[in-house]
Amino acid sequence: MMEKQLQRSRAVLPIGTVMKLTTLSARQIRYYETQGLIKPARNEGNRRQFSLIDVDRLLDIKGYLDEGFNMTEIKRVYEKQAKHQQKEHKALEKPVTDEDVRQVLQHEFLSIAGLNHGSEPSFPSDDLSKK
DNA sequence: GTTCTAACA
DNA sequence: TGTTAGGA
């Protein structure tokens with residue numbers, strides 16, 4: 001049941017393929033990597049090798065971009081996602097599937113987009129539940 | 001031909 | 001972000 005997960009995390013796609021799949025420029029893809037939004041593997045030639053999970057992540061990022069979010073805002077979303085993964089991992093040792101990730105992202109996306117879709121760079125700030 | 005990093009008209 | 005230089 002986890003086989004597909006392994007296949008999806010198999011990083012073998014060159015940046016050129018990812019460009020076509022996501023319609024993002026190499027510049028953007030590389031930049032997002034420096035911003036910590038994605039972490040593609042590298043082959044022996046220092047070439048980036050993306051997995052389907054990476055592509056999926058890129059497509060999500062593109063979605064945020066279309067909604068007018070900037071890198072810092074998008075990064076914030078993924079930071080929270082990272083926390084979720086850590087939490088799950090430490091607490092239950094439960095493997096996070098890309099479907100889980102999608103749900104978290106979708107939730108974050110909808111809530112953020114719904115609260116301020118206009119132009120204000122301001123966010124509802126962090127959660128108050130962390131005590 | 002493709003991808004990489006760094007830098008800027 | 002685009003684009004280009006110079007390498008691998």
Side-chain angles (χ1 to χ4, degrees):
Chain A
M1 205 173 282
M2 300 286 105
E3 298 85 60
K4 289 184 179 179
Q5 227 46 49
L6 291 176
Q7 291 175 53
R8 290 180 212 278
S9 46
R10 204 108 207 205
V12 291
L13 309 178
I15 195 168
T17 301
V18 179
M19 287 173 68
K20 294 170 183 173
L21 264 41
T22 64
T23 70
L24 289 171
S25 66
R27 178 76 155 85
Q28 289 176 297
I29 297 173
R30 295 181 183 127
Y31 177 63
Y32 301 156
E33 179 185 17
T34 69
Q35 298 307 292
L37 270 42
I38 54 176
K39 337 90 179 93
R42 295 297 185 114
N43 61 21
E44 298 176 6
N46 195 40
R47 268 70 221 279
R48 268 167 273 250
Q49 295 195 276
F50 302 79
S51 67
L52 293 181
I53 292 180
D54 292 322
V55 174
D56 207 74
R57 204 187 182 77
L58 255 359
L59 289 173
D60 280 329
I61 293 172
K62 189 195 172 194
Y64 292 114
L65 258 30
D66 290 336
E67 289 301 318
F69 290 109
N70 57 43
M71 284 316 102
T72 59
E73 294 171 325
I74 296 175
K75 279 197 289 183
R76 187 186 167 296
V77 174
Y78 279 89
E79 286 173 18
K80 182 163 187 174
Q81 178 196 324
K83 285 187 178 181
H84 272 246
Q85 288 186 26
Q86 280 180 36
K87 181 181 177 183
E88 301 283 10
H89 188 275
K90 292 180 180 178
L92 315 172
E93 198 66 60
K94 172 181 175 293
V96 179
T97 67
D98 58 349
E99 197 164 9
D100 292 328
V101 172
R102 231 169 185 169
Q103 285 176 38
V104 174
L105 285 174
Q106 183 170 35
H107 177 258
E108 291 301 316
F109 182 29
L110 292 178
S111 51
I112 293 175
L115 290 172
N116 51 354
H117 190 269
S119 57
E120 293 305 296
S122 60
F123 265 71
S125 72
D126 298 315
D127 48 291
L128 331 167
S129 55
K130 180 61 181 179
K131 184 182 66 59

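Convention: sequence-line order gives letters A, B, ...; per-chain numbering from 1.
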#### Entry: Test item: A:R57 and A:K39 side chains (from C-beta on) under 4.5 Å apart, heavy atoms
yes
### Task
For the pair A:Y32 and A:L65, evaluate side chain to side chain contact (heavy atoms under 4.5 Å, CB included) and give the outcome as yes or no after the intermediate values.
CA-CA 12 Å; A:Y32 301 156; A:L65 258 30; 2.9 Å; yes
### Query
Is the shortest heavy-atom distance from the side chain of A:I61 to the side chain of A:I38 under 4.5 Å?
yes
### Task
Can you tell me the pairing partner of C:dT3 across any strand shown, Watson-Crick or G-U wobble, with both distances under 3.5 angstrom?
B:dA7
### Task
Verify the distance criterion only: is there a donor paired with an acceptor across the side chains of A:N46 and A:R42 at less than 3.5 Å?
yes
### Summary
In terms of heavy-atom contacts, A:F50 and A:P14 come closest through CD1-C, 4.2 Å
### Query
Could you walk me through whether A:L13 and A:Q49 pass the side chain to side chain contact (heavy atoms under 4.5 Å, CB included) check?
CA-CA 5 Å; A:L13 309 178; A:Q49 295 195 276; over 6 Å; no
## Note on the structure
At a 4.0 Å cut-off to heavy atoms of chain A, the contacted part of DNA chain C spans C:dT1 to C:dA8
#### Entry: For A:V18, the option from A:V55, A:D54, A:L59 that meets side chain to side chain contact (heavy atoms under 4.5 Å, CB included)
A:V55
### Query
What is the pairing partner of B:dG1, taking Watson-Crick or G-U wobble pairs with both distances under 3.5 Å in any strand?
none
### Close side-chain approach of A:D56 to A:D60, heavy-atom, < 4.5 Å
yes
### Sugar-phosphate or base contact per nucleotide [nucleotides 4-9 of chain B; S, B, -; heavy atom under 4.0 Å]
SB-B--
